[in-house]
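Structure, as structure tokens:
Only heavy atoms go into these numbers, but all of them, side chains included; no hydrogens, no water, no symmetry mates. Residues: numbered from 1 along the sequence shown. Fair warning: this is a prediction, and the values are worked out from it, not measured in the lab.
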Amino acid sequence: MRAIPISKLKCKAWPSFSLSRPCSHIANVAESPPYTLVDEFTKFCYQRDLPRAMTAMEAMQRRGLWADSLVYSELVKCCLARRAVQQGKLVHKHVFSNGYRPKTFLTNIFISMYVKFGLLEEAQSLFDEMPERNVVSWTTMISAYSNAKLNHKALESLVLMLREDVMPNSFTYSSVLRACDRLWNLKQLHCSIIRVGLESDVFVRSALIDVYSKLGELHNALGVFNEMVTGDLVVWNSIIGAFAQNSDGDEALNLFKRMKGAGFAAEEATLTSVLRACTVLALLELGRQVHVHAVKYGQDLILNNALLDMYCKCGSLEDANSVFTRMVEKDVISWSTMIAGLAQNGFSQEALRLFEQMKISGTKPNYITILGVLFACSHAGLLEDGWYYFRNMKQLFGIDPGREHYGCVIDLLGRAGKVDEAARLIQEMECEPDAVTWRTLLGACRVHRNVDLAAYAAKQVLKMDPDDAGTYILLSNIYANSQRWEDVAEVRKSMRARGVTKEPGCSWIEVDKQIHAFIMGDDSHPQIDDINRQLSLLVDRLMGMGYVPDTNFVLQDLEGEQREVSLLSHSEKLAIVFGIMSLSKGRTVRIRKNLRICGDCHIFAKLVAKMEERVIVIRDPIRYHHFQDGVCSCGDYW
């Protein structure tokens, strides 16, 4: 039976129909003559009137009539818009009934429909039945496999496509590149792209940059970018995003400057990546400048979430709360970011209150949300609440406990002094504990002076990360504080044998849009003499208030006076003094540090904050410390 082309249908003005029109009109469709029936069906399809279109199609089915392919494509769009899966299947069945074979164009539309409905098996079955498959057919399936993480199927389909002499296009390569989870696969594809001359295509180049960066191959990603003859904003966004996502904030910001110099204006995607770079580097002032540019995009959810994350991780909860309260649209990422930000910065009760608001709003918590809640319970010492959420997270929220959740509860037990229970929980973990898990227990043992368990935890860390200098140093000092000098010597011997050296402490502070770095033992800062002089005066004043340098946090093989001098050269002390010298009275001193803050510097920061009437925020790899009025937000546990 031959389909009646729409070009041969009699043209006439179509009246508009309301959905509230009596059902008798639909019933009359079945009684219409063939041409009028196809006319009616066509009209309903273009009007997106799904119920009437389906009724007309049923009548056509009984009479063995078909419409033009374009008409069916409109009906499929209508089914997709309404998520009408069953109706979509009926359209497919009708078109292919009585042996009728539509054009490849329409078959591709049905394949795409099944893919968008998430019915990959149906799409594959229809694809396999096609007598002739073109580049659109193959690309649709390859894209579907990539999105479903069926990487081997996507790559295999590309090979089969080439065997059928169907030439991939830029969309094919952009799709199959997402399926590359091994470097050798990616390099083979890259060579294939160059052979067919598509390496300059914007979307292919952008996909190459994305995949290289996800595999940690930033050098290759930058190489692809630098081969670009003519600039394109999509590619700029890809390369800036690549470095920002891989925590190389410096290079991301350098590329952003190059982009601006090349005459490109930043858009939402660009600003989101730049904000991520500011987050990595804790550049609050630069982040605020980016915020000014972001305002013109209004209520962009992704951009607002990036702003929230930046402010939380830079320790500016006032700015974060301001962004959060003004957000018209909030998703689970918004809520989770704010809850985790409050918890990490020591505002545990506020985090838990916000979690209650989130539940009232109807937003379902995710993995990160519960992590923030457990972190808040740990920070606030809410042992029973933390246990309740941890034990019931699967039942309450449908979330299986992960390694990070266990880590929070181990931290919670450690804070409460229940280090033996924390050790038992590690043994009961459903997932394998990693070095971070054991470091959490080690930190608790240090605080509560459980030397034997500390030694066991340290040995577990060093099995997984044998070059972790921090664990060697911590264990050495734990032994030294317990007068176990033979064990100290053994630890130091192991360090020398493996060639492990302590990473020098480094602190960064942003002043007048410039980043100043301080490294322990490095005198290269142009104002170092003034800084050291002010530091000595400050220490003298603090000693008058009762401050005594705590040399337990210095390598135990130094003599007493040497150990006190060594404490003065700690990078965070230098950064604090420089901040006080450079920032006007009342300004918050914000510092980022590469190592865990030592106990002596922690005491020093609390006393300086009180004496100078300053807020000092130090972000180290373990905690966010807000020092104010002689108190730290961490509750002296880190």
Side-chain angles (χ1 to χ4, degrees), residues 181 183 206 208-225 236-259 266 269-291 302-303 305-316 320 333 336-337 340-341 344-345 367-368 371-372 375 403-404 407 434-436 439 465 467-470 503-510 515-519 571-572 575 590-597 617-624:
D181 49 11
L183 186 59
S206 178
L208 277 167
I209 290 170
D210 289 342
V211 180
Y212 271 124
S213 68
K214 285 173 184 172
L215 294 176
E217 295 288 323
L218 289 178
H219 176 74
N220 284 321
L222 192 59
V224 172
F225 172 78
W236 277 107
N237 286 339
S238 292
I239 193 64
I240 293 169
F243 280 92
Q245 287 166 4
N246 281 274
S247 299
D248 191 341
D250 286 322
E251 187 60 31
L253 293 177
N254 287 334
L255 287 161
F256 177 60
K257 290 177 185 175
R258 281 176 59 187
M259 187 194 91
T270 325
L271 296 177
T272 300
S273 295
V274 173
L275 284 169
R276 188 175 286 117
C278 293
T279 303
V280 169
L281 299 172
L283 299 179
L284 178 62
E285 294 307 318
L286 181 57
R288 283 175 172 156
Q289 291 178 47
V290 176
H291 190 174
I302 295 174
L303 196 50
N305 284 341
L307 281 167
L308 265 184
D309 190 48
M310 184 272 296
Y311 281 130
C312 286
K313 289 180 178 170
C314 287
S316 183
I333 296 172
S336 301
T337 301
Q344 288 170 337
N345 283 279
Y367 187 98
I368 302 299
L371 195 60
F375 201 99
R403 192 176 285 115
E404 293 90 346
D434 62 0
V436 175
R439 283 192 197 103
D465 189 0
D467 296 326
D468 179 20
E503 180 184 359
C506 185
S507 297
W508 295 266
I509 182 171
E510 183 183 10
I515 305 302
H516 296 261
F518 295 91
I519 301 173
S571 63
E572 55 266 60
R590 301 180 188 276
I591 295 164
R592 180 170 64 93
K593 195 175 185 307
N594 67 330
L595 302 176
R596 181 202 300 255
I597 186 172
V617 179
I618 298 180
R619 168 183 161 188
D620 72 16
I622 309 298
R623 292 277 192 272
Y624 292 74

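Atom SG of Cys314 is separated from atom OH of Tyr624 by 8.0 Å, given to the nearest 0.5 angstrom. To the nearest 0.5 angstrom, Ile509 atom CD1 is 9.5 Å from Ile515 atom CD1. Taking CD1 of Ile239 as the reference point, atom CG of Leu255 lies at 6.0 Å (rounded to 0.5 Å). Note that CZ of Phe243 is 9.5 Å distant from CD1 of Ile209, once rounded to the nearest 0.5 Å. A distance of 7.0 Å separates OG of Ser507 from CD1 of Ile618, quoted to the nearest 0.5 Å. Atom CZ of Phe225 is separated from atom CG of Leu208 by 14.0 Å, given to the nearest 0.5 angstrom.
Between Asp309 and Lys313, at least one side-chain N (NZ, or NE/NH1/NH2) sits under 4.0 Å from a carboxylate O, which counts as a salt bridge. A salt bridge links Asp465 to Arg439: at least one charged side-chain nitrogen sits closer than 4.0 Å to a carboxylate oxygen.
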Distance-only check: which donor-acceptor pairs under 3.5 Å involve side-chain atoms of residues 279-288, not counting sequence neighbours?
{"unit_1": "Thr279", "atom_1": "OG1", "unit_2": "Leu275", "atom_2": "O", "d": "2.8"}
{"unit_1": "Glu285", "atom_1": "OE2", "unit_2": "Arg288", "atom_2": "NH1", "d": "2.9"}
{"unit_1": "Arg288", "atom_1": "NE", "unit_2": "Asp319", "atom_2": "OD2", "d": "3.2"}
{"unit_1": "Arg288", "atom_1": "NH2", "unit_2": "Asp319", "atom_2": "OD2", "d": "2.7"}

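Closest non-hydrogen pair, Ala266 versus Phe256, comes out as CB-CE1, 4.0 Å. Taking all atoms of both residues into account, the shortest heavy-atom contact from Ala252 to Ala277 is CB-CB, 3.9 Å. The heavy-atom pair separating Leu215 from Asp181 by the smallest distance is CD2-O, 3.8 Å. Minimum interatomic distance between Asn237 and Ala269 (heavy atoms only, all atoms of both residues): ND2-CB, 3.8 Å. Closest non-hydrogen pair, Val290 versus Cys278, comes out as CG2-SG, 4.5 Å.
The closest donor-acceptor contact from the side chain of Asn345 to the backbone of Cys312 lies under 3.5 Å.
Side-chain contact between Ser316 and Arg590 is present, with at least one heavy-atom pair separated by less than 4.5 Å. No side-chain heavy atom of Arg623 sits under 4.5 Å from any side-chain heavy atom of Gln344.
Exactly one of Asn594, Ile519, Leu595 qualifies for a side-chain contact (heavy atoms from CB on, under 4.5 Å) with Pro504. That residue is Ile519. When each of Arg592, Arg619, Lys593 is paired with Trp508, the side-chain contact (heavy atoms from CB on, under 4.5 Å) condition holds for Arg592 and for no other.
For the residue pair Tyr212/His219, the side-chain donor-acceptor check at 3.5 Å is not satisfied.
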Subject >> Test log, rule side-chain contact (heavy atoms from CB on, under 4.5 Å), inputs Leu253 and Val274 >> reply: CA-CA 7 Å; Leu253 293 177; Val274 173; 3.9 Å; yes
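Around atom CD1 of Ile302, no more than 12 heavy atoms belonging to other residues, nucleotides or ligands sit under 6.0 Å away.
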